[in-house]
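Values below: every heavy atom of this structure, side chains too, minus hydrogens, waters and symmetry copies.
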Amino acid sequence: EMFFMTVKAAFGQRRKTLLNSLTNSGFFKFNKEEIRDILNRLEINPGCRGETLSIMQFASLANSFSQRNC
């Protein structure tokens with residue numbers, strides 16, 4: 001469920017960077033800095049767009065959101 005929510009958030013706002021899409025989606029309770037930290041830890045450029053991520057990167061991102069959500 002978290003995987004699909006993450007993908008939907010990444011593609012929910014056209015032409016937005018990944019950081020802004022995830023932050024503004026309303027799906028996550030994290031602030032912008034927390035999401036930036038997660039992306040940096042996963043070595044994902046916060047300025048990239050959702051379409052540039054691989055399925056494995058989306059899975060890692062969703063897992064990070066799930067772990068921090070507990």
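- Between Ile35 and Leu19, some side-chain heavy-atom pair lies under the 4.5 Å cut-off.
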Which donor-acceptor pairs under 3.5 Å do the side chains of residues 37-48 make with protein atoms, sequence neighbours left out?
unit_1 : atom_1 : unit_2 : atom_2 : d
Asn40  : ND2    : Arg36  : O      : 3.3
Arg41  : NH2    : Ser64  : OG     : 3.4
Asn45  : OD1    : Gly47  : N      : 2.8

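- The aromatic rings of Phe58 and Phe3 sit perpendicular, their planes meeting at an angle over 60°, well past the 30° parallel limit.
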Below 3.5 Å, can you tabulate the donor-acceptor pairs from side chains in residues 6-17 to any protein atom, sequence neighbours excluded?
unit_1 : atom_1 : unit_2 : atom_2 : d
Thr6   : OG1    : Met2   : O      : 2.8
Thr17  : OG1    : Asn20  : N      : 3.3
Thr17  : OG1    : Asn20  : ND2    : 3.3

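- Phe27 places none of its side-chain heavy atoms less than 4.5 Å from the side chain of Phe65.
- Annotation: the span from Glu34 atom CD to Leu22 atom CG amounts to 13.0 Å, rounded to 0.5 Å.
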